[in-house]
Number of protein chains: 2
Amino acid sequence: MEKIDLKKLAKELNLSIATVSKALRDSWEIKAETKQRVRDLADKLNYQPNPYASSMRKRKSQTIAVVIPEIANNFFSVVLDGIQVIAEKKGYHVLTYLTHESYTNEIATIKHLQSGRVDGVLMSLCSETADYQHLIRLKETGMPIVFFDRIAEIPDCPTVTTDDYESGYGATEHLLRRHCKTIAYLSLSQHTSINRKRQQGYMDALKNSPAKPAKNLAVHCGDENGSIMLAIKKLLSKKNRPDGIFASAEKLAIATYHVCNDLKLKIPGDLKVISFSNLRTASLLNPSLSTVTQPAFEIGKEACELLFRKIEKKSNNYMSEHLVLKSSLIARGSTGLDQKLK
Amino acid sequence: MEKIDLKKLAKELNLSIATVSKALRDSWEIKAETKQRVRDLADKLNYQPNPYASSMRKRKSQTIAVVIPEIANNFFSVVLDGIQVIAEKKGYHVLTYLTHESYTNEIATIKHLQSGRVDGVLMSLCSETADYQHLIRLKETGMPIVFFDRIAEIPDCPTVTTDDYESGYGATEHLLRRHCKTIAYLSLSQHTSINRKRQQGYMDALKNSPAKPAKNLAVHCGDENGSIMLAIKKLLSKKNRPDGIFASAEKLAIATYHVCNDLKLKIPGDLKVISFSNLRTASLLNPSLSTVTQPAFEIGKEACELLFRKIEKKSNNYMSEHLVLKSSLIARGSTGLDQKLK
DNA sequence: CTGAAAGCGCTTACAG
DNA sequence: CTGAAAGCGCTTACAG
């Protein structure tokens with residue numbers, strides 16, 4: 001089956017390429033009858049316009065890029081789902097790039113994105129990223145960029161985040177109410193803006209607590225499974241170990257469960273656990289896991305909608321928007337509250 | 001910051017566009033000194049070639065499409081991870097399309113893919129797909145297609161699957177050994193080839209069983225969460241309810257856990273459960289879930305590698321390859337085996 | 001209402 | 001070793 005293009009349609013119809021092109025785009029310049037003939041043949045021969053030719057001519061690619069640290073992750077895969085829904089509605093295509101939490105990868109990807117392959121970028125920083133020069137450079141080429149969750153604060157770049165300070169405060173308060181005296185805040189990396197906010201919420205909640213817990217324990221475990229297990233094992237093996245864990249990422253909670261199994265520590269008896277998490281099985285774990293859950297699907301949708309707003313009124317140098325969505329705290333068995341919530 | 005293209009580089013360097021282009025592609029026609037000058041300026045000005053212009057000229061897009069039913073799913077998101085790893089290594093870009101289990105969406109996506117937007121397609125069928133005409137048409141345009149997991153059997157299209165018959169047999173045998181008398185095989189949809197194989201394995205295992213379980217119970221629950229819960233609730237409310245569940249998809253097992261909570265049925269006491277699943281938290285569930293786990297990451301990698309082999313020797317009409325990877329059965333608490341496996 | 005022509009930013013066969 | 005020219009498949013301002 002040969003590839004069919006405008007030229008072939010034109011020849012077959014005894015029309016010029018220009019006329020066929022206009023007919024297919026439903027131009028008012030073309031009379032109805034001609035449009036019909038053209039469309040009929042295009043349908044019959046299953047004509048699909050070459051997107052790259054149009055892209056070049058129109059200088060827009062109908063494509064956006066999503067740059068995320070990883071994909072095999074409940075949070076990011078659901079965000080992506082939300083993004084895809086909006087992009088599809090707009091007739092846009094979605095290219096995905098994974099940085100695998102590596103700054104070097106992130107730089108290479110962002111640099112490539114200056115090529116004009118996409119009309120806009122949706123992005124969540126990798127944990128190593130502390131410097132935003134590569135992103136500022138991309139932005140300065142006129143590329144619309146919207147950050148979500150792990151954001152960079154760059155002028156004119158809209159962001160979608162969740163109420164990280166409040167969630168951090170709330171989760172800590174929850175542990176305090178559950179009578180924890182020593183609460184460890186676990187995070188993967190200390191550099192992200194999110195982490196700063198969550199940890200600040202945690203610290204403020206401790207400060208305001210009448211109970212005055214003994215210590216402010218913040219442990220940065222790194223990003224690798226090995227280092228995470230090790231850090232948590234070390235933490236929980238001490239004789240003055242914490243009696244509460246506030247995990248800022250799902251994998252830290254999972255690792256905590258495993259370590260508790262190994263060390264024969266009982267959750268919630270010996271240790272109460274609450275975690276930022278989008279696990280769909282949180283309520284089925286043993287014990288069910290108390291979570292702070294971010295609205296991942298909405299984050300994806302909102303971020304994508306902000307991006308399209310930015311793409312569509314590119315010239316308009318309007319204020320950038322910063323959307324903050326609410327996470328929800330769901331108390332379950334790991335903090336001693338095993339009422340069956342639906 | 002203005003967009004920089006070959007023309008600008010050429011002007012700046014007092015060279016022709018052709019020379020600059022060749023220098024950047026390291027052509028032997030260009031002398032070393034010129035190459036250096038060109039590269040230096042390109043680096044300095046952060047030149048990125050317009051990919052769509054090259055694509056058009058070279059008639060390849062350096063892009064592949066991944067068409068999957070959903071993304072917010074442990075299996076598919078890990079497969080995608082594997083695909084991305086290989087694609088990135090090859091310098092290819094990855095477009096993702098979700099069919100959301102809808103045949104209509106699948107047809108529209110596949111039709112679009114005839115446009116030349118991508119050089120190859122990696123695909124897992126949606127559950128509604130029973131007719132392959134749209135795929136055959138795409139293949140006949142010369143598009144390399146590799147199917148994984150939910151495959152279509154189409155000449156010249158390589159496939160990557162797992163040993164579904166054997167896994168179905170093995171999981172059923174496992175339930176029989178755990179003294180189940182009536183085993184329900186739960187699936188989302190009955191049309192997929194995978195399902196046929198798994199179910200065949202299940203039925204043969206029952207047939208060969210000395211125990212002769214009372215019934216051959218295969219329940220097709222549909223794809224929506226509502227219909228799934230309903231079907232399972234109905235099944236487990238009967239007084240001659242099954243004492244074993246073999247779930248061919250993770251969400252069926254999760255629904256089963258929820259229904260058991262509602263109906264106060266104990267797993268594994270009243271009901272034993274084993275499920276195809278890529279849940280990373282299977283071992284932490286209450287009770288831990290016995291699983292048949294597919295090597296999702298490898299599936300993605302292998303499928304992507306097959307695709308590149310196909311893309312690279314397009315002319316060569318070689319035999320299509322059919323790769324079958326092994327799933328692993330991990331017995332846990334939900335079938336009464338709670339030894340802590342690591 | 002239709003068509004010739006220029007051009008999007010590249011690559012490559014060919015001439016010099 | 002360098003460059004002029006054609007062309008990838010479209011779109012669009014312009015002429016008729």
Side-chain angles (χ1 to χ4, degrees), chain A residues 2-39 41-42 45-63 112-119 141-142, chain B residues 2-39 41-42 45-63 91 93 112-119 141-142:
Chain A
E2 49 158 3
K3 202 85 201 143
I4 149 100
D5 58 18
L6 279 188
K7 206 201 238 171
K8 293 204 187 84
L9 289 181
K11 195 170 189 182
E12 188 95 357
L13 291 161
N14 262 316
L15 287 169
S16 73
I17 290 174
T19 303
V20 174
S21 172
K22 284 186 240 180
L24 287 171
R25 326 199 82 241
D26 203 23
S27 160
W28 52 269
E29 292 181 273
I30 308 296
K31 74 175 170 198
E33 188 215 320
T34 304
K35 283 184 190 169
Q36 201 50 57
R37 282 179 60 214
V38 172
R39 277 196 291 248
L41 187 68
L45 300 184
N46 205 7
Y47 168 71
Q48 297 289 334
N50 181 311
Y52 298 137
S54 329
S55 287
M56 233 198 347
R57 204 32 247 259
K58 300 202 276 191
R59 321 180 117 264
K60 49 195 299 255
S61 62
Q62 294 276 113
T63 305
H112 170 83
L113 257 21
Q114 277 169 207
S115 66
R117 190 179 287 274
V118 299
D119 298 340
T141 67
Chain B
E2 49 159 2
K3 201 86 199 142
I4 150 102
D5 58 17
L6 280 188
K7 206 201 238 172
K8 294 204 188 86
L9 290 182
K11 194 170 190 183
E12 188 95 358
L13 291 160
N14 262 318
L15 287 169
S16 74
I17 291 174
T19 302
V20 175
S21 171
K22 283 186 244 182
L24 288 171
R25 327 197 81 244
D26 202 21
S27 160
W28 52 269
E29 292 181 274
I30 307 297
K31 73 175 171 197
E33 187 215 321
T34 305
K35 285 185 191 171
Q36 202 49 57
R37 280 180 61 216
V38 171
R39 276 196 291 248
L41 187 68
L45 299 183
N46 206 6
Y47 168 71
Q48 296 289 331
N50 181 312
Y52 298 138
S54 332
S55 286
M56 234 199 344
R57 202 34 245 262
K58 299 202 274 190
R59 319 183 116 263
K60 47 194 302 253
S61 62
Q62 294 277 111
T63 305
H93 301 262
H112 170 82
L113 259 20
Q114 277 168 207
S115 65
R117 191 179 287 275
V118 298
D119 298 341
T141 66

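Residue numbers begin at 1 in each chain, while the letters A, B, ... track the order of the sequences.
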Who are the side-chain contact (heavy atoms from CB on, under 4.5 Å) partners of A/Arg117, not counting sequence neighbours?
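With neighbours one apart ignored, the set is A/Leu95, A/Tyr97, A/His112, A/Ser115, B/Pro51, B/Tyr52, B/Thr63, B/His93.
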
List the residues meeting side-chain contact (heavy atoms from CB on, under 4.5 Å) with A/Ile4, not counting sequence neighbours, and say none if there are none.
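Result, side-chain contact (heavy atoms from CB on, under 4.5 Å) vs A/Ile4: A/Lys8, A/Leu9, A/Leu45, A/Tyr47.
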
Measure [atom1]/[X] against [atom2]/[N] and give the value in whole Å, please.
| X | N | atom1 | atom2 | answer |
| --- | --- | --- | --- | --- |
| B/Asn50 | C/dG7 | CG | C1' | 13 Å |
| B/Gln36 | D/dC1 | CD | P | 15 Å |
| A/Arg37 | C/dC1 | CZ | P | 14 Å |
| A/Met56 | C/dA6 | CE | P | 17 Å |
| B/Lys3 | C/dC10 | NZ | C1' | 14 Å |
| B/Lys35 | D/dC1 | NZ | P | 9 Å |

Give me the distances for all protein-to-nucleotides 14-16 of chain D N/O pairs that come in under 3.5 Å?
| residue | atom | partner | partner atom | Å |
| --- | --- | --- | --- | --- |
| D/dC14 | N4 | A/Glu29 | OE2 | 3.4 |

Show me the pairs that pass salt bridge (Lys or Arg N to Asp or Glu O under 4.0 Å) and involve residues 12-27 of chain B, at least two apart or across chains.
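Checked against salt bridge (Lys or Arg N to Asp or Glu O under 4.0 Å) - neighbours excluded - the pairs reaching residues 12-27 of chain B are B/Lys22-B/Glu29, B/Asp26-B/Lys35, B/Asp26-B/Arg39.
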
Nearest listed nucleotide, side chain of A/Ser54, among D/dC8, C/dT12, D/dC10
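Looking only at heavy atoms from C-beta outward on A/Ser54, the closest nucleotide is D/dC10.
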
Minimum-distance nucleotide (side-chain atoms of B/Lys31 versus D/dC10, D/dC1, C/dC10)
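Of D/dC10, D/dC1, C/dC10, D/dC1 is nearest to the side chain of B/Lys31.
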
Main-chain N/O of B/Gly91 paired to B/Gln62 side chain as donor or acceptor, under 3.5 Å:
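Confirmed, B/Gln62 side chain pairs with B/Gly91 backbone.
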
Is there side-chain contact between A/Leu24 and A/Leu6, with heavy atoms separated by less than 4.5 Å?
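Yes, close enough: below the 4.5 Å cut-off.
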
Measuring only between side-chain heavy atoms, which start at C-beta, is A/Asn50 closer than 4.5 Å to A/Asp5?
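Answer no - side chains too far apart.
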
Between which residue ranges does DNA chain D form stems of three or more consecutive Watson-Crick or G-U wobble pairs, both distances under 3.5 Å?
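For DNA chain D the paired stretches long enough to count as stems (3 pairs minimum) are C:1-3 with D:14-16, C:5-12 with D:5-12, C:14-16 with D:1-3.
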
Straight-line distance of [X] [atom1] to [Y] [atom2], nearest 0.5 Å:
| X | Y | atom1 | atom2 | value |
| --- | --- | --- | --- | --- |
| B/Gln114 | A/Asn46 | CD | CG | 4.5 Å |
| B/Leu41 | B/Leu13 | CG | CG | 4.5 Å |
| B/Lys31 | B/Glu33 | NZ | CD | 5.0 Å |
| B/Ser54 | A/Met56 | OG | CE | 9.0 Å |

Sugar-phosphate, base or nothing in reach of A/Thr34, heavy atoms under 4.0 Å
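If one applies the 4.0 Å heavy-atom cut-off, A/Thr34 turns out to touch the sugar-phosphate alone, with no base involved.
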
Scan B/Ser55 against the nucleic acid and name what it touches under 4.0 Å (heavy atoms): base, sugar-phosphate only, or nothing.
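B/Ser55: no heavy atom of the nucleic acid under 4.0 Å.
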
Do you know the tightest heavy-atom contact between A/Ser55 and A/Ser61?
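Looking at all heavy atoms of both residues, the closest pair is OG-CA, 3.5 Å.
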
Would you name the heavy atoms of A/Ile30 and A/Ala23 that are closest together and state the gap between them?
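Looking at all heavy atoms of both residues, the shortest contact is CG1-N, 3.9 Å.
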
Positions of residues 6-20 of chain A (non-hydrogen atom under 4.0 Å from DNA chain D), listed by number
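Close to the strand are A/Leu6, A/Ile17, A/Ala18.
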
Could you tell me whether the phosphate oxygens of D/dT12, OP1 or OP2, come under 4.0 Å of any side-chain nitrogen or oxygen in A/Ser21?
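Answer is no, no contact under 4.0 Å.
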
Counting only side-chain N and O atoms of B/Arg25, is one of them less than 4.0 Å from OP1 or OP2 of C/dT12?
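Looking at the OP1 and OP2 atoms of C/dT12, one of them is under 4.0 Å from a side-chain N or O of B/Arg25.
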
